[in-house]
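Below is one structure, written out as structure tokens, with a few remarks after it.
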Amino acid sequence: MTGTLDAAQTDDPAAAPPAPHRTVRVVIDGNDDPGFSRRLAALESAERIVVRPNPVRSPNDLVWDILAGAGKNPAAVRTCRLSIADAWKAATAWITAARVTDILVERAHRLSSREALQLAELADRADADLWLIWSGGGDPARMCNAIESLGRSERKGATRGHIPFGAPHRPVRAMGGDTFERVLPLPAPAFSFPLRPDEHADPDADWPALPAVDFPLFLAACRRRLAGDTFEQLHHAYRTEAQATDAFVRRHRNDLAEGRTGNAFKLALNAYLRDERLGPAAGGRLALIRLRAIQASLLTQGVLLRWQSTTFGPAAADKLTTWLTPGICRALRATVSTHAAAATVLSLHLAAAPDRFSHLLCRNIDEAGRYLYLPTFEDAALYLRAEWAHQLDRRPEDECPSYGHTTGKTPLPPYAAELLAAHLAHRRTDGSGTRRRYLADPKNPTLDASDRSLVETIQRTCRRIGVNPFWLHRGMCEVAGIGGGPAPLTDWMAARRMDVVILSENGPDR
């Protein structure tokens, strides 16, 4: 077969045409109008970041100003133990994951030509527009020429101020303040902002205090203590939850028929409670109503779900919902290291130690951070892929976790998607591909992160944001269930002191 293939039809990245450079817009503010600073503050948002370069800085300090403009904690950006190269990768990953459309640089006359080029390259990688606000009295022609010529005019031996004919260049557009106000108008004023799910609102306001009795007596105790209309609402939610549990058991009837162990059913129940019923509940009291209905419905199917609530004190119902709240995710967005933020998100959402998720591959995370793959079988060990089983020259990267091909999607909270997507973008810049670990050693991305280092990273990050995961220890120990034994695959339930007993069909337990 003869002929040539189009660059778009081949898989070779080098054969594809280079991506065009984004236009850099230089806004001339010769009078240094103070209104520009107020306008930039009004334009600042999640999609538009404003970089304010520090006038006293070294040539490598611009990246810290970019991270501070991207919402990272200014007091922590220099203490995150990152090199300059890793800091630039982290800045690119955070900006890309946040889908930033505009990068505005205030008082850009303080920048050198090299720093302006770095900002232009960052805008290219993040697919964002770069706006340089020139507020000095000098001439921006030299900086504009360096940006347009991709730095060739600043190199030694090159003709300064001259761009070779036919050489690639970056378009630069200069404009005045009036044009800037017309091209980038202010957003519409907001009259009122709704309350965030975890701020200044009581999620349990719709439900009164519920009796602290076990599930066989829960409904009867509510009938005695609650008013008639309140009990009717509770009873409706109770019956709806019981019907949903019956449907869940019917979907996993084959897993339940395995016998007294029922590991597959326990794993499915753990995911069902975490991702669909108890984890996303609006408050602790609603989660308690759902839990009691689930316990009663499972008992009629020969499954005993026990909850040891006394270990959590008087506010035990508040421990049933997810610990990865929107407020915690907002605090994690101020973290500079994408590695620390992603590891903490996975640990808090799954209520698991790093040995449960440290073997995740990059292909097991959605590009947008909306879901991940988790193991479905009791052993999450590595196995050899079938197509490599009979080859003698097999390589370690040809092995992959079993869950990579056997499970469906495990949904993640939407407010945590940006954190996982940012670290995946960071790993892409490291050349991870699809077969490398999602969590690698920050100092050497070619090595896998150890469980011990991940535990220390998660604990250090949790201390900074004021969270205490009591189930996470320095030693890799498993949270024991009520029966005293380890609870593999059900970390979320075990952290809430729940366990499952599959009752026999024809025995005294039944």
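These numbers come from a predicted model, not from an experiment.
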Only counting residues at least two apart or in another chain, list the ones meeting salt bridge (charged side-chain N to carboxylate O under 4.0 Å, His left out) with [X].
X: D441; value: none
X: R274; value: none
X: D86; value: none
X: K72; value: none

Among all residues two or more places apart in sequence or in another chain, which pass the side-chain contact (heavy atoms from CB on, under 4.5 Å) test with A317? L288
Can you name the side-chain contact (heavy atoms from CB on, under 4.5 Å) partners of A46, sequence neighbours left out? none
Keeping to residues at least two apart or across chains, list the salt bridge (Lys or Arg N to Asp or Glu O under 4.0 Å) pairs with something in [range].
range: residues 209-228; answer: D214-R292
range: residues 295-305; answer: none
range: residues 313-327; answer: none

Do [X] side-chain atoms and [Y] backbone N/O form a donor-acceptor pair below 3.5 Å?
X: R436; Y: R427; value: no
X: R22; Y: D127; value: yes
X: S358; Y: D451; value: no

Using side-chain heavy atoms (C-beta onward) and a distance below 4.5 Å, is [X] in contact with [Y]?
X: H349; Y: T322; value: yes
X: C329; Y: L324; value: yes
X: L419; Y: W94; value: yes

So, [X] versus [Y]: side-chain donor-acceptor pair below 3.5 Å or not?
X: T335; Y: R464; answer: yes
X: T446; Y: N444; answer: yes
X: R250; Y: Q301; answer: no
X: S450; Y: S453; answer: yes

Between R290 and E276, does a salt bridge (charged side-chain N to carboxylate O under 4.0 Å, His left out) hold up when you go through it step by step? CA-CA 11 Å; R290 291 181 176 180; E276 300 182 36; over 6 Å; no
Could you tell me whether R356 and D491 have a side-chain N and a carboxylate O separated by less than 4.0 Å? yes
Taking 4.0 angstrom as the limit, do E47 and R99 come out as a salt bridge? no
Only pairs at least two apart or in different chains count here, so list each ring pair (Phe, Tyr, Trp, His ring centres under 6.0 Å) that has a residue in residues 278-304. none
Ring-face cation contact, W323 with R496, 6.0 Å cut, 45° max: yes
In chain order, what residues pass the ring pair (Phe, Tyr, Trp, His ring centres under 6.0 Å) check against H423, with sequence neighbours excluded? H339, Y438
Please round to the nearest 0.5 Å and tell me the distance separating atom CG of L273 and atom CG of L291. 7.5 Å
Donor-acceptor contacts under 3.5 Å from residues 226-249 side chains, at least two apart:
from : atom 1 : to   : atom 2 : distance (Å)
T240 : OG1    : H236 : O      : 2.8
E241 : OE1    : R277 : NE     : 3.4
E241 : OE1    : R277 : NH2    : 2.7
E241 : OE2    : R277 : NE     : 2.8
T245 : OG1    : E241 : O      : 2.9
D246 : OD1    : S297 : OG     : 2.4

Between Y272 and L278, is a side chain to side chain contact (heavy atoms under 4.5 Å, CB included) present by the stated rule, with each step listed? CA-CA 8 Å; Y272 177 72; L278 302 185; over 6 Å; no
